[in-house]
Amino acid sequence: MKNFTSIKLIFLLLIATGLSACNAQGKRNSQTGSGNASSDFSPDIEIELTAQPVAMQLLDGPKTNVFHYEARLLKGSDSNLSEIQGSYLGPIIRVKHGQKIRVIFKNNLPRESIIHWHGLHIPPEMDGHPMHAVDNGEQYVYEFTVVDRPGTYWFHPHPDKITGPQVYRGLAGLFIIEDERKSLPSGDQDQPLVIQDRSFNSDNQLVYVEGSPMQRMQGFLGNQIFINGKKELTQNVKKGTYRLRILNGSNARIYKLAWSDGSDLKVIATDGGLLEKPLNKPYLILAPGERVEIWKDFSATNSGEEITLESLAFSSGTSMGRMGSGGMMGNMGGGMMGGNASFENGEAMHLYTFNVTGEEGKSLGIPQTLSEIEEIDPVNAVNYDTPKQFHFYHERMNWVINGETFDMEEVADWEKVKLNTTEVWQFINGDDGSGMGMMQDMMQLPHPAHIHGLQFQIIERDISGMDAEVWNSVKDGFINQGWQDTFLLMPGMKVKVVMRFRDFTGKYIYHCHNLEHEDMGMMRNYEVLP
Ligand code: C2O
Ligand code: CU
Ligand code: CU
């Protein structure tokens with residue numbers, strides 16, 4: 001009887017899923033701009049990206065089950081698409097400003113998915129809003145023109161509530177808009193460094209946060225660093241000058257980047273491309289989703305010497321309330337990690353070591369002018385005197401923005417903007433003082449804030465509400481210059497950004513790029529109205 005019922009159930013489920021898949025397929029195919037390529041768009045580059053489960057040899061012993069973006073170049077040149085051998089990461093897509101791109105995304109994952117092009121200024125239908133997610137067996141076609149500045153962008157899944165686990169399993173890739181500058185390192189001296197943290201069980205399978213509410217609240221923190229989707233954490237380099245394109249592709253871990261030889265980090269670019277001039281930093285805070293480009297010259301380093309990119313210890317300002325740090329978190333950390341591996345955000349760790357060989361590479365002097373940046377004057381903002389305020393905080397076991405969580409379609413009045421206007425938005429880590437007051441303040445975490453569809457400029461970082469010890473441990477690591485799409489909002493911090501809404505109308509999202517927070521609903525729509 002029991003058996004019969006479950007067989008019947010499975011049978012019914014099969015029919016039901018089959019039917020709904022057909023329906024969805026039919027509907028998608030009849031819409032332009034989603035399931036089909038359009039005939040009036042002639043791309044310079046066409047790529048098929050298939051997301052699918054595969055088993056990969058990442059560690060010694062059993063293979064690891066991951067999700068992988070399998071890429072096929074349908075149109076373009078070999079330089080447009082490159083794979084990182086042995087990596088779970090997707091391909092590196094290299095394009096030029098002005099090129100027309102078509103990407104056919106095929107979903108062979110067990111769950112729905114959609115690709116988001118992080119940092120790009122493209123129409124809402126091309127941006128990977130969760131409302132456009134497609135089911136297993138379906139496809140979504142992207143067609144857009146690259147209008148952004150040369151720089152290091154990236155792509156990753158964006159389905160509602162399950163972005164964290166899909167990125168964690170390996171779905172992410174770099175999208176590089178190349179510059180024509182001859183004075184910057186190129187070829188194998190221009191290289192990516194995608195930093196991620198992962199945890200594995202004894203069968204070499206990835207361990208995520210399932211079944212641990214406190215870990216989910218905090219965001220996933222792994223005990224092992226992966227660079228460019230591989231566990232090898234060393235690399236030989238020539239005596240020459242390197243351009244390192246660093247992406248923090250971690251779900252929730254924040255890094256305090258520094259060189260082991262004590263030299264400054266020479267920053268040449270942020271999220272939205274080259275700065276006006278290089279910036280020297282003793283260390284750099286890099287939050288999930290953020291990119292930074294570093295100039296590193298190994299020309300004068302002795303052969304055989306090793307220089308390591310470290311993450312230094314810092315205080316993240318995390319407070320998980322009375323049930324938090326000491327008790328539950330402590331136990332969990334110990335249980336999961338064992339040995340000397342670390343769990344908390346802010347632990348020191350080695351990230352990646354460069355072994356300087358005897359081989360001569362190309363040496364370059366750092367240009368004192370890198371690019372021109374057109375400043376947006378905040379005085380021209382329609383709301384200069386009354387910036388929109390976005391409070392990121394915790395409320396009743398939820399991460400919220402102004403008390404709200406994500407709704408697929410909903411846009412509040414304070415989330416509506418007008419095309420061709422400039423606005424100032426202020427992001428605040430902490431509640432607005434009304435409501436449950438003290439109770440809410442018990443849980444505080446850093447939140448990397450990210451806005452889709454555009455690049456903005458940071459005009460103010462107010463630290464008056466921050467804990468002094470926390471601020472002192474990170475204060476030299478922030479960049480306010482250049483174009484950005486993601487910035488770290490430390491507990492108590494208030495950040496004002498200015499942006500212009502151009503070219504496209506419709507709904508985009510903004511959210512916390514701690515992917516577990518995003519999945520819990522710390523995400524909202526904003527709408528550009530005509
Ligand atoms: Cu990396 Cu919603 O984005
Ligand atoms: Cu994004
Ligand atoms: Cu957050």
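Both counts, for ligands and for their atoms, begin at 1 and track the order of listing.
- Within 6.0 Å of CZ in R111 there are 12 or fewer heavy atoms belonging to other residues, nucleotides or ligands.
- Summarising the geometry of Y208 relative to Q215, their closest heavy-atom pair is O-OE1, 4.3 Å, with the distance given to 0.1 Å.
- For H513, the N, O or S atom with the smallest separation from atom 1 (Cu) of ligand 1 is NE2.
- Taking the six-membered ring where the residue is Trp, the centroids of W471 and F478 are separated by under 6.0 Å.
- Metal site remark for atom 1 (Cu) of ligand 1: H156 contributes an N, O or S atom at a distance under 2.8 Å.
- Nearest N, O or S atom of H118 to atom 1 (Cu) of ligand 1: atom ND1.
- The Cu ion (ligand 2) lies at 2.8 Å or more from every N, O or S atom belonging to H513.
- In this structure the side chain of H450 reaches within 4.5 angstrom of the side chain of H511, judged on heavy atoms.
- Between H68 and Y88, the gap from one ring centroid to the other reaches at least 6.0 Å.
- Inclusion of H452 in the first shell of atom 2 (Cu) of ligand 1 is supported: an N, O or S atom falls under 2.8 Å.
- Checking H511 against atom 2 (Cu) of ligand 1, an N/O/S atom falls under the 2.8 Å cut-off.
- Taking all atoms of both residues into account, the shortest heavy-atom contact from R169 to N65 is NH1-O, 3.2 Å.
- At a threshold of 2.8 Å, atom 2 (Cu) of ligand 1 has a backbone or side-chain N, O or S atom of H158 nearer than that distance.
- Counting backbone and side-chain atoms alike, H158 contributes no N/O/S atom closer than 2.8 Å to the Cu ion (ligand 2).
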